[in-house]
Every structure is written in C-alpha cells, then in structure tokens.
Amino acid sequence: PMESIFPDEIRDLREQGVAFGELSCMADRRAELTRFLPLFLRVCRYLCQFARSKGCERLVIAVHPKHGRFYERFFGFRKLAETRAYQSVLNKPATAYWLDFAWLSADHQEQFFGQEIPSNELQPRPMSAEEAEHFGALAASVNEIAVL
C-alpha cells in the first residue's frame with residue numbers, strides 16, 4: 001500500500017535487491033498505554049520473526065507524523081521519505097520509515113528474536129470463507145463510517 005504514495009522510495013529499495021516487508025494497520029483505539037503496549041510488543045515480536053522467516057531483513061512503514069518518533073526511538077526506524085497525504089487513510093499525513101533488523105539495539109534483538117517462535121506458529125493461516133465474509137462486511141461498515 002505504501003507504494004501508492006512513496007513509489008520512488010519503494011522502487012529504490014527493490015532496485016537495491018533489498019528483501020523487505022511492509023507493516024500496516026498497526027492502529028489501536030486503546031488510550032491506555034498500559035493496555036496497548038504489551039499487546040503491541042507481542043504483535044511486533046511475531047511480525048519481526050515472521051518477516052525474518054520469509055527472508056526479510058528490512059521493514060518499511062508509513063505512519064502519522066506524530067507517531068514517527070516512537071518508531072524511531074523504540075525500534076530504530078529511520079526516515080525514508082517526507083510526509084505526504086495518504087489516500088488510503090482519508091488523505092491524512094503519513095511519513096515513510098524503514099528499519100534494518102541489524103539496527104535493532106541488543107535489548108530489542110533479544111526482545112524480538114531471543115525467544116524463537118516455533119516455525120509452525122509462523123505459518124500463514126488464510127481466512128476461512130466465513131471469516132472473510134464477516135471481516136469484509138465489518139471493514140465495509142467501518143469504511144462507510146469513515147467517509148461520513
């Protein structure tokens with residue numbers, strides 16, 4: 001999805017032969033950091049190990065500028081491109097960042113890769129037809145509300 005607003009930057013990574021993955025939809029409506037952060041860290045551990053299991057050494061992400069410092073300080077993401085309007089999120093601003101797993105601090109290397117997740121848990125599990133129907137309808141209703 002990032003490629004729609006950061007085409008040159010993504011093309012440059014591809015031309016360098018970089019194996020990367022994109023993180024998206026990392027939003028959570030919880031206002032309490034004590035409830036959000038533990039879940040967020042578990043999700044990040046899974047996604048980092050999943051990405052690495054698929055041969056990725058780098059990640060890219062487009063985030064609202066007000067969240068950029070969090071990703072820079074917490075993970076070590078570096079700015080890839082300046083802020084642009086992101087059509088997929090109602091033209092809200094988004095800044096592109098990228099992370100090479102080698103940039104993770106020793107503490108974060110341990111946090112995300114120290115305890116290996118069994119490979120069978122990292123296998124993709126496609127949605128069933130019922131799940132796709134349920135979540136598709138839910139996504140459509142959320143999009144309708146967002147447009148209003």
Side-chain angles (χ1 to χ4, degrees), residues 1-14 18-101 103-104 108-109 111-148:
M2 268 180 73
E3 194 166 13
S4 67
I5 59 169
F6 301 105
D8 296 337
E9 293 79 6
I10 300 301
R11 184 196 67 242
D12 289 348
L13 289 174
R14 285 198 175 105
V18 174
F20 66 93
E22 179 181 349
L23 304 180
S24 63
C25 300
M26 297 291 287
D28 188 351
R29 65 180 178 187
R30 292 173 236 222
E32 299 172 36
L33 191 58
T34 57
R35 291 186 63 210
F36 165 74
L37 197 55
L39 175 62
F40 181 76
L41 293 176
R42 288 182 68 193
V43 168
C44 288
R45 185 169 154 260
Y46 271 90
L47 71 87
C48 286
Q49 289 195 32
F50 177 80
R52 188 172 269 175
S53 76
K54 298 299 178 193
C56 293
E57 288 298 319
R58 294 184 186 170
L59 299 173
V60 295
I61 190 168
V63 299
H64 191 284
K66 72 180 180 182
H67 298 298
R69 278 188 63 124
F70 171 79
Y71 287 92
E72 288 176 322
R73 293 171 74 188
F74 191 79
F75 292 101
F77 273 85
R78 297 179 185 171
K79 192 177 284 189
L80 178 64
E82 294 302 320
T83 303
R84 299 177 190 161
Y86 202 166
Q87 291 177 338
S88 296
V89 287
L90 304 174
N91 289 317
K92 300 281 191 219
T95 306
Y97 289 88
W98 67 307
L99 171 75
D100 189 311
F101 289 136
W103 300 341
L104 290 173
H108 285 104
Q109 286 282 353
Q111 180 175 356
F112 297 125
F113 299 109
Q115 182 181 4
E116 188 174 337
I117 298 169
S119 62
N120 66 318
E121 289 185 33
L122 295 175
Q123 296 306 309
R125 292 183 179 86
M127 283 190 213
S128 68
E130 295 81 22
E131 290 169 325
E133 183 178 335
H134 171 76
F135 289 111
L138 182 61
S141 68
V142 169
N143 284 336
E144 287 174 20
I145 292 168
V147 172
L148 299 175

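Just so you know, residue 1 is the first one in the sequence shown, and it goes up from there. Note that the structure is predicted; figures quoted are calculated from it, not measured.
- Within 6.0 Å of CD in Glu82 there are 12 or fewer heavy atoms belonging to other residues, nucleotides or ligands.
- Counting heavy atoms from C-beta on, the side chains of Tyr71 and Leu99 never come closer than 4.5 Å.
- Heavy atoms only, all atoms of each residue included: Phe20 and Arg14 are closest at CE2-CG, 3.9 Å.
- In this structure the side chain of Cys56 never reaches within 4.5 angstrom of the side chain of Phe50, judged on heavy atoms.
- With rounding to the nearest 0.5 Å, the separation of CZ in Arg52 from CG in Leu122 is 12.0 Å.
- Under the ring pair (Phe, Tyr, Trp, His ring centres under 6.0 Å) criterion, Phe70 pairs with Phe40, Phe74, not counting sequence neighbours.
- The shortest heavy-atom contact between Pro93 and Pro65 is O-CD, 3.5 Å.
- Looking at heavy atoms from C-beta onward, Glu131 lies out of side-chain contact with Arg125 at the 4.5 angstrom threshold.
- Taking 4.5 Å as the limit, every side-chain heavy atom of Arg78 sits out of range of all side-chain heavy atoms of Glu72.
- When every heavy atom of Gly55 is checked against every heavy atom of Ala19, the shortest pair comes out as O-CB, 3.3 Å.
- A pairwise comparison of heavy atoms in Ala81 and Thr95 identifies O-CG2, 3.2 Å as the closest pair.
- For the pair Lys92 and Tyr86, the minimum side-chain heavy-atom distance is 4.5 Å or more.
- Formation of a donor-acceptor pair under 3.5 Å by the Arg45 side chain with backbone atoms of Gln115 is found in this model.
- In this structure, Ile117 CD1 and Ser53 OG are separated by 9.5 Å, a value rounded to the nearest 0.5 Å.
- Side-chain atoms of Glu9 do not come within 3.5 Å of backbone N or O of Tyr97 as any donor-acceptor pair.
- Every residue meeting the ring pair (Phe, Tyr, Trp, His ring centres under 6.0 Å) condition with Phe112, not counting sequence neighbours, appears here in chain and number order: Phe75, His108.
- In this structure, Glu22 contributes its side chain and Met2 its backbone to a donor-acceptor pair below 3.5 Å.
- Atom CZ of residue Arg84 and atom CG of residue Asn91 lie 14.0 Å apart, to the nearest 0.5 angstrom.
- The shortest heavy-atom contact between Phe77 and Ile61 is CE2-CG2, 3.4 Å.
- With a 6.0 Å radius and a threshold of 12 heavy atoms from other residues, nucleotides or ligands, Arg11 has its CZ atom above the threshold.
- The minimum heavy-atom distance linking Arg58 with Leu13 is given by the pair NH1-CD2, 4.3 Å.
- In the displayed structure, Gln109 atom CD is contacted under 6.0 Å by more than 12 heavy atoms of other residues, nucleotides or ligands.
- With rounding to the nearest 0.5 Å, the separation of SG in Cys48 from CG in Leu41 is 10.5 Å.
- Atom CD of residue Glu133 and atom CE of residue Met127 lie 12.5 Å apart, to the nearest 0.5 angstrom.
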